[in-house]
Amino acid sequence: MGEFLLNNLSDFWTLTGFANASASGLIMILVGILFIYLAIRHGFEPMLLIPIGFGILIGNIPFDTNAGLEIGVYEEGSVLNILYQGVRQGWYPPLIFLGIGAMTDFSALISNPKLILVGAAAQFGIFGAYMVALLLGFEPNQAAGIAIIGGADGPTAIFLSSKLSPNLLGAIAVCAYSYMAMVPLIQPPIMRLLTTKKEKLIRMKPARAVSQTEKIIFPIIGLLLTCFVVPSALPLLGMLFLGNLLKESGATRRLADTAKGPLIDSITILLGMTVGASTQASEFISWSTIFIFFLGLVAFCIATMSGVLFVKFFNIFLSKDNKINPLIGNAGVSAVPMSARISQNVGLEYDPTNYLLMHAMGPNVAGVIGSAVAAGVLLGFLS
Amino acid sequence: MNKRTIGIFFVLLLTICLKAEAQGVKSVRINEVMITNETNFLDDYGLHSAWIELYNSSFASVNVESCFLTNDKNNPRMYPIPKEDIQTEIPPRQHLLFWADGLPSRGTFHLSFKLDPTKENWIGLYDANGITLIDEVTIPAGTLLADQSYAREDDGSLNWVVKGQDNQHYVTPSSNNMTKDSNSKIESFKVHDGSGFLMAIMAMIIVFSCLLLLATSFKIIGKIAIWINKKNQIKSKGISNKNEQKETDLGNTPGEIYAAIGMALHEYQDNVHDIEDTVLTINKVKRNYSPWSSKIYTLTETPRKH
């Protein structure tokens, strides 16, 4: 009897986390705790970093992978694996985009359509990072998956990397969301560096009021024009514009409320948690992850620079009354509304009465469209 | 709209309709045919028979049940592919093999006709209506020797070749006609655009064009909206003088003015009048109880005894 007890307890010990712990797994657990700390203590994108951080803890609890317990995120049929399919098959990102569409007010962009081009210019961050990634030896499909981090759009990054470079998905997703949380640290120095005192003080013409009809037409025309050019962006842009139509039509308030409330919240929790859980140390800790984090930073910097520099270039062709403040150039990346808030804050540092927020929202939401189009282009070229 | 524009419109419409059809059973292709099978693939009875391979060129599963395979143009309904056999569903970009042994009693995939190596062989695949021809192939007499197949060069491609004559051109029943060990698009980019510069140029041109198109459209829509708004305001305010219209800058009111009006109304409603407990409203007010609607006041009281 005693032997029977000892054997079973000994077997049970082999299944515990203590028996299967590894140094790399513990490092990842510390990274997860760091994410949770940054989110709670310093308020860095808590809605993203808390589920991701906790997901990292879940994904790195050590267990015996040969025991057939069906608990790991990579074990087919496990609960975590089923939830992970939303990331792996790329259907969480379009649902997130549905919610973003239902939350976003495109009036700033409709009232001043030329700001859409700033959103296009900032996408150079993606292609600049693509070139650097190729230099570092990544394959074109992997380079594209990594470079999309420069769009500053987590769902788009997950969508594209799940199609083009699924083996790097975990690192790309964590990197994209980490840098999105760090946008307030990355962008301001670049913005200050690339603009003159005079440019920082430019006051932009107030945006005109946009009629409800224009707001309703926008998602319909937007979908048709962008997806006829880049059909591969259809899952993202289709859902984005559908969400926006639900909001603006005024006839589907309940659906819009669901899309921007319970639906996007549920998907955000699942997405964050499963992305975190997918960072199992055995899959995650590698040189390519370090390169991805480096390239993500490069992509963010290039995107910010290209947005600001494009506005400066664009101003050459604009009349004195229609000049654009280059401090909104950073908002061409699609970190909504954080980049726009940064434009506002940096603008207020130089002129406490110059409110740039609504002007920056134009390129910011254009960045969402631009990064989805860029993802569609890369998917079209390389899939 | 001139005739040319109408023509372009209908061509585009037709293209869209044709594309829409391409995702169903019409995307199935006759992909490879072997007429004389001496030492090649064995069927499920262990026999060497002629075979016909179908290929689903779409990215969705397609069920070919109720479609017809035939080698007689005058009898399109020669072999109806049986219903309710789950194996008749071809997964995306995959193949299905039929045995042309004239023994349909042996199962779903055994056809009711044989192929004749001495004559020209025509094979047709018809839709379930028995009228619409989905795909056809004609194998000229004497083209194939024993164990050779007549196949599309690549799965679903237009070019047909003879396979089985050497090790380079092997027969591929139930398999891809061309073995691919890499993504041709990626390989092409690696060869022609090692630095990624061309990709950056092309992609930025597309992104810019797409968003420029959007910007231009909304510039035009915005102008129309301002014009309509202006017309409406002129009508409602009764302004007839053109100079007065210009001075008032109708239809181009900045959003800030509306924001200021909105804020003023908010202040007025919520801050100035924040102590009253009554609110003037057009919403229906529902009360659960009111003495006016209470039953107790409408009942006759029971007389009390003193």
Side-chain angles (χ1 to χ4, degrees), chain A residues 106-121 123-124 126-135 139-141 143-144 147 164 205-211 213-214 217-218 221-222 224-230 233 358 366 369-371 373-374 376-378 380-383, chain B residues 12 15-16 19 59 182-230 232-233 249-262:
Chain A
F106 282 100
S107 358
L109 191 141
I110 300 168
S111 64
N112 197 357
K114 65 175 175 283
L115 295 178
I116 294 176
L117 297 179
V118 183
Q123 304 316 315
F124 187 69
I126 294 172
F127 305 107
Y130 173 79
M131 289 193 274
V132 181
L134 286 180
L135 265 178
E139 292 286 304
N141 55 322
L164 290 182
K205 204 174 154 184
R208 72 176 171 85
V210 174
S211 70
T213 316
E214 284 176 89
I217 290 171
F218 181 78
I221 299 282
L224 295 177
L225 288 181
T226 51
C227 289
F228 262 75
V229 178
V230 192
M358 282 318 289
I369 302 171
S371 61
V373 171
V377 171
L378 289 169
F381 278 138
L382 297 170
S383 67
Chain B
L12 282 173
T15 315
I16 291 163
K19 282 274 180 189
F59 285 86
S182 61
N183 183 326
S184 57
K185 285 185 182 176
I186 293 174
E187 291 305 313
S188 169
F189 269 96
K190 278 169 80 173
V191 172
H192 299 107
D193 184 31
S195 67
F197 180 71
L198 296 177
M199 164 69 95
I201 299 284
M202 284 188 299
M204 282 308 285
I205 288 173
I206 297 170
V207 172
F208 255 100
S209 315
C210 199
L211 295 192
L212 187 64
L213 203 60
L214 199 60
T216 313
S217 307
F218 276 87
K219 188 85 187 161
I220 296 166
I221 291 170
K223 286 201 177 208
I224 295 169
I226 291 169
W227 181 75
I228 292 171
N229 194 7
K230 200 171 171 181
N232 289 341
Q233 287 191 30
D249 195 19
L250 289 172
N252 208 15
T253 318
E256 286 178 347
I257 292 179
Y258 292 109
I261 295 168

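First the proteins, then the strands, lettered A, B, ... as listed; each starts at 1.
- Phe127(A) CZ to Met204(B) CE: the interatomic distance, rounded to the nearest 0.5 Å, is 6.5 Å.
- Residue Ala121(A) touches chain B through both its backbone and its side chain, counting heavy-atom pairs closer than 4.5 Å.
- Of all heavy-atom pairs between Cys210(B) and Leu225(A), the closest is SG-O, 4.4 Å.
- Glu139(A) is linked by a side chain to side chain donor-acceptor pair (under 3.5 Å) to Lys190(B), counting only residues two or more places apart in sequence or in another chain.
- Contacts of Phe124(A) with chain B are made by both backbone and side-chain atoms, with heavy-atom separations under 4.5 Å.
- To the nearest 0.5 angstrom, Leu134(A) atom CG is 7.5 Å from Asp193(B) atom CG.
- Among residues two or more places apart in sequence or in another chain, the side-chain contact (heavy atoms from CB on, under 4.5 Å) test is passed with Ile220(B) by Thr216(B), Ile224(B).
- Nearest heavy atom pair, residue Ala200(B) against residue Met131(A), reads CB-CE, 4.1 Å.
- Residue Val132(A) does not touch chain B at all, counting heavy-atom pairs closer than 4.5 Å.
- With chain A as the partner, the residue from Ala215(B), Ser188(B), Ser209(B) showing the most heavy-atom pairs under 4.5 Å is Ala215(B).
- For Leu382(A), the parts sitting under 4.5 Å from any heavy atom of chain B are the backbone and the side chain alike.
- Open room surrounds NZ on Lys223(B); 12 or fewer heavy atoms of other groups in view lie less than 6.0 Å from it.
- The two residues Phe189(B) and Phe381(A) come nearest to each other via the heavy atoms CE1-O, 3.8 Å.
- Of all non-hydrogen atoms in Val377(A) and Ile206(B), the two that sit nearest each other are CG2-CG2, 3.6 Å.
- For the pair Lys114(A) (side chain) and Lys219(B) (backbone), a donor-acceptor distance under 3.5 Å is absent.
- Proximity to chain A (any heavy atom under 4.5 Å) is restricted, for Ser217(B), to the side chain, taken from C-beta onward.
- Atom CD1 of Ile217(A) and atom CZ of Phe218(B) lie 7.0 Å apart (nearest 0.5 Å).
- Taking CG from Leu115(A) and CG from Leu211(B), the interatomic distance works out to 12.0 Å, rounded to the nearest 0.5 Å.
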